[in-house]
Amino acid sequence: MDFYFGLAQTLGVHTLLGLSVYIVLLTGQLTLAQAGFAAIGAYVAGMLTVIAGWHIVPALAAGSLATSLVACAVAFPALRVRGLMLAVATIAFGEAVRLFFFNFDYQVWKGDIQVGPLGGEGFRQIRFFPENGWSTLEVMLFVWACVALVMAALWWTDRSRAGAVLRAVGEDEVAAQSVGVNLTAVKVSAMTASGAIAGLGGGLYAHYTTHIEHANFTLGLATFAIAYPILGGLSSVFGTLAAVVFIQGFLVEGLRFLGDWRNLLFGALIVLAMNLRPRGLLDAATAARLKRLLTGPGGAP
Amino acid sequence: MSALELAQAVFDGLLFGATYAVIGIGFTLIFGVMHKINMAYAAASLAGAYAALLILLFVQAPALVVFLLAGVAGGVIGLVIYVCCFRFMPLAAPLAPLMATIGMLMLIDEIIVHATEGMPLPYPALFDNVMLQLGEFTLRGDLLLVFGVSIACMALMLLLLYRTRLGLATRAVAQQPVAAQLCGVRLTRVNALTFLLTGLFGGIAGAMIGASVGTLSPLLILPVTIKGLIVTVIGGLGSIPGAIVAGLLVGACENLFQFLRGVTERDIYVMLLLFVFLVFRPGGIFAPGRGRD
Amino acid sequence: MNLRSRQLAFACTAAVVAVIGTGAFAEDRVVKIAGFNGKTGVGRSFGLNAEAAMFAAADTINRSGGVKLGDGARGRIEVTFYDDRCNAEEGISVIRRVTSGDAVVAIGPGCSNVAEPLYGILQKKVGDTSDSGLQMPVFTDGAIKVGLAKISEWAFRNVPNEQEMYKALFAWLRAQHPDLHTVYGGVEEDFAHSRSTWYAVMKERAKEAGFEVKGETKWLLADTNFATQVRELKAAKADIVALAAHPFTACGVLKEMRRQSVKPKVIVGLTSASSLETLRGCAAQAEGTYIPTSYAPVTKEAAAAAEATARFNGSADLHSMGAWENVFIIKQVIESEAVLAKPDTVAADRRKIRDGLAKLKETDGLLGKSVRTPDREAIKPFVFVQASAGQWKVAHTPTAR
């Protein structure tokens with residue numbers, strides 16, 4: 001069971017990363033900055049629990065807040081461009097953050113070992129969970145509590161005016177502007193929220209792997225992060241969740257029995273999935289059908 | 001830290017920038033002229049270079065033959081990418097081809113790793129031990145060749161785009177696919193052919209990179225992708241001469257930053273350079289007329 | 001046949017069947033060992049070779065009668081190999097999967113960036129009930145980064161001790177070449193292993209041996225342009241150049257050195273570069289490079305191990321042979337600690353194996369006896385190899401301590 005709890009932890013953190021892209025994708029922008037945001041959240045939360053001795057909850061909150069501030073600051077210059085240029089700008093940002101942590105040293109003595117970020121060698125001994133006796137089940141529930149909170153927030157946003165505004169900007173910027181939507185405000189808010197969510201994900205990542213280094217936060221992580229909402233479809237937050245389960249649960253862990261072939265099938269199955277369902281696993285039509293199925297017949301025809 | 005050493009470092013970087021230029025022109029053609037995001041382009045180009053090495057298993061082929069074969073292989077792989085990632089995608093789902101090319105990138109990377117067991121392979125090179133003396137400075141001969149090849153590719157590409165019917169059709173399809181079809185342009189045929197051609201240029205670029213670095217390794221795929229994207233953006237999306245100038249500029253700046261601030265901080269400044277361009281000159285060095293992405 | 005002889009024949013047959021029957025029954029006990037390493041990316045060859053070595057070792061043990069278990073029965077070793085893709089999250093997932101199963105020990109990982117997080121989720125101190133870390137002995141064959149086993153009492157390593165190796169190498173070079181005085185380093189800065197090996201090991205040991213270390217030049221793991229770095233190297237005019245780099249960049253630097261006509265008297269390489277990779281990438285330019293390694297086919301055992309691994313399509317090098325040795329050490333511990341390998345004794349067996357590994361003062365290695373240190377590391381015998389005509393040839397075997 002321990003294995004499944006551990007897997008659920010991974011699924012939870014990756015769902016957060018996916019959701020952080022989801023909210024920006026709704027506004028029609030492609031962002032590959034998640035690795036950078038996750039790194040900031042991870043290092044800040046890690047430093048707070050390890051060096052300052054904080055409890056995990058305020059540490060994660062602080063990490064998330066710090067990341068959202070950086071996201072907000074970066075959003076203003078970055079959002080002057082769109083499309084591919086924005087994607088490249090966010091890649092550049094992500095790489096710059098990674099390289100910053102590659103150069104960042106801050107060591108303190110804790111007992112008989114030194115802890116803290118040590119540039120290229122990483123940040124070791126982030127052992128809040130094991131040191132405080134949290135079982136794998138408890139950590140998993142904690143991670144999923146955070147995920148549920150974020151998903152609920154995004155679900156509620158989707159149902160409110162804010163969600164409509166986000167999607168309007170995503171569909172057609174000119175039309176949205178002409179009804180009085182402040183494009184910059186919407187896009188910057190989306191990016192800030194994205195930073196907060198990814199920062200939270202990064203903080204959790206740091207604590208369940210106990211050791212982070214700059215090489216964890218490369219373009220590869222950002223690529224996975226955008227894969228989830230694109231593969232899952234933008235019509236619902238559950239699409240991202242479905243995609244995380246598909247990729248991390250099925251492709252990465254489930255296909256282990258295939259041995260060597262697993263790695264080859266990974267890319268091939270993603271290509272196949274996008275060809276078969278270009279609007280995502282849970283596109284608008286499927287979501288509507290599922291809803292009918294779940295709420296039962298008897299709804300309005 | 002003398003001025004001479006600084007100048008030599010910049011020269012070294014400028015010359016190595018020729019390898020960025022040669023891959024950048026393919027990137028800018030795909031991203032800027034065809035408006036397609038093909039994240040697997042660098043991987044496909046390097047895969048073409050790898051594939052060309054297969055001939056060395058059978059016969060002691062000269063370097064030039066290997067380079068040309070790399071182009072052919074790159075073209076074939078480009079066609080495969082078109083069929084797998086673009087051909088069957090509805091126009092209204094722009095993110096789907098992007099994701100499919102990312103899947104393709106992972107697939108190509110894994111195929112290379114499986115075929116070579118992840119180990120670096122030496123690549124045939126021309127003039128790789130030739131060093132030219134220019135006054136106080138030494139220049140790498142093989143990089144001058146790479147520069148020559150990129151100029152030749154640029155000339156060929158511009159010729160293709162602006163003097164042939166295929167080029168006309170490509171530009172038409174990129175700007176107004178529906179109108180182009182109404183004028184009798186066969187969409188899939190034109191797209192397939194352009195992917196084939198950009199793959200060809202990409203394969204040759206991959207071979208040039210292999211020859212300049214001396215070894216091919218899967219480690220190259222991600223950095224070449226990122227460099228290609230940076231060069232495309234700085235040079236201006238769709239500007240082929242811009243890609244060459246940007247490639248040389250990025251190469252020179254890299255070495256300059258490395259000389260001044262050390263290797264661990266070098267790339268931070270390259271990213272900042274990109275950011276500066278995006279904020280102050282989003283169209284790139286040679287911003288083409290339209291500028292709307 | 002009369003009744004007496006028929007009864008006798010029946011009794012004999014019954015006896016034979018009984019013996020065979022109980023024999024087959026006894027053979028049914030399986031000792032499960034989990035192996036894991038990265039089989040993707042640039043480290044794929046390490047994973048493939050480690051896998052082959054482990055299967056070969058298990059096969060060799062099983063063919064010569066298997067392992068003697070605590071209740072007198074014999075068991076055979078069964079290896080299950082997992083690919084962690086050199087990725088921390090997957091390594092953690094693999095160890096959780098293994099811990100949830102019935103393997104009694106895990107041999108791996110190969111990548112230092114997986115080992116460090118993985119050791120972090122193990123129980124730090126044995127018997128600490130407030131620590132919810134995993135209780136699974138992990139016996140590492142590949143991850144070389146300095147000082148990792150300290151992280152948990154369940155973590156053990158059988159990897160070369162680079163401090164000892166380079167100390168001996170530089171001392172030997174000093175003795176062999178009294179006319180050489182200066183050393184200059186080349187470092188891969190963004191990879192934990194190569195970086196710490198230059199600063200904490202090569203640099204210090206070279207100074208200790210009496211060399212003047214004139215400095216170092218730096219690059220990154222995936223760099224391709226070394227013109228500036230090699231110019232710095234050239235300007236330093238050092239007698240010995242020490243490259244703390246993996247084959248890809250090492251080959252790049254060596255090719256650039258050729259280009260700029262930089263010819264140091266001696267080149268020293270990184271332990272991990274003493275494998276097929278370097279020779280495949282740049283045999284000509286690497287000619288003459290000295291590297292200390294904990295594996296070379298110089299003893300009967302080493303040659304036999306290489307041959308067995310080759311039968312499973314792997315090649316023998318310092319990392320894969322670490323995996324081979326580990327399987328045999330586990331066999332020794334199983335026998336000395338009376339491990340039972342029954343479905344209901346898994347947790348107890350794991351604890352026995354951990355305690356058994358902790359008790360060991362020395363182990364059998366392919367080149368001789370290895371010493372086990374109190375912080376769960378190993379000091380393995382080593383030789384110096386030199387790249388010569390496209391092969392690694394043994395240049396010197398330091399005398400045993």
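So you know, we letter chains A, B, ... as the sequences are listed, proteins then strands, and number each from 1.
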Between B/Asp267 and A/Glu95, does a side chain to side chain contact (heavy atoms under 4.5 Å, CB included) hold up when you go through it step by step? CA-CA 8 Å; B/Asp267 291 328; A/Glu95 284 288 287; over 6 Å; no
List the steps and the verdict of side chain to side chain contact (heavy atoms under 4.5 Å, CB included) for A/Leu30 and B/Leu95. CA-CA 9 Å; A/Leu30 186 62; B/Leu95 290 172; 4.2 Å; yes
Determine whether A/Val271 and B/Leu107 satisfy the following criterion, side chain to side chain contact (heavy atoms under 4.5 Å, CB included), listing intermediate values before the conclusion. CA-CA 9 Å; A/Val271 174; B/Leu107 180 64; 5.5 Å; no
Pair B/Leu237-A/Met85, side chain to side chain contact (heavy atoms under 4.5 Å, CB included): steps then yes or no: CA-CA 9 Å; B/Leu237 271 172; A/Met85 315 274 268; 3.7 Å; yes
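For chain A, the nearby parts of B/Ile268 are the backbone and the side chain; heavy atoms of each come within less than 4.5 Å. Of the two parts of B/Ile111, the backbone and the side chain both hold a non-hydrogen atom closer than 4.5 Å to a non-hydrogen atom of chain A. A/Leu269 does not touch chain B: none of its heavy atoms, backbone or side chain, sits under 4.5 Å away. Contacts of A/Phe76 with chain B are absent, with no heavy-atom separation under 4.5 Å from either backbone or side chain. Contact annotation for B/Leu98: only side-chain heavy atoms (C-beta onward) come within less than 4.5 Å of a heavy atom of chain A. The contact between A/Val88 and chain B is made by backbone and side chain atoms together, counting heavy-atom distances below 4.5 Å. Looking at B/Leu222, the atoms closer than 4.5 Å to chain A (heavy atoms on both sides) all sit in the side chain, from C-beta outward. Neither the backbone nor the side chain of B/Ile108 comes within contact range of chain A; no heavy atoms are under 4.5 Å apart.
The distance from atom CG of A/Leu99 to atom OH of B/Tyr269, rounded to the nearest 0.5 Å, is 11.0 Å. Taken from OG1 in A/Thr223 to CE in B/Met99, the straight-line distance is 7.5 Å, to the nearest 0.5 Å. Considering CZ of A/Phe100 and CD of B/Glu265, their distance stands at 10.5 Å, rounded to 0.5 Å. Rounded to the nearest 0.5 Å, atoms NZ (B/Lys36) and CG (A/Leu84) are 13.5 Å apart. With values rounded to the nearest 0.5 angstrom, B/Glu110 atom CD is found 9.0 Å from A/Arg262 atom CZ.
Contacts with chain A were tallied for B/Met39, B/Met106, B/Arg87; B/Met106 has the most, counting heavy-atom pairs under 4.5 Å. Most heavy-atom pairs under 4.5 Å with chain A, from the set B/Ile230, B/Leu274, B/Asp109, B/Leu272: that is B/Leu274. Ranking A/Ile230, A/Leu272, A/Ile270 against chain B, the residue ahead of the rest is A/Ile230, based on heavy-atom pairs under 4.5 Å.
In this structure, A/Arg256 places its CZ atom where more than 12 heavy-atom neighbours from other residues, nucleotides or ligands lie under 6.0 Å away. Around the CD atom of A/Gln107, the shell of radius 6.0 Å holds more than 12 heavy atoms that belong to other residues, nucleotides or ligands.
A donor-acceptor distance shorter than 3.5 angstrom exists from the side chain of A/Asn103 to the backbone of B/Thr264, with no hydrogens or angles considered.
Across A/Ala89 and B/Leu278, no two heavy atoms sit closer than the pair CB-CD1, 3.2 Å. Nearest heavy atom pair, residue A/Pro278 against residue B/Ala96, reads O-CB, 3.3 Å.
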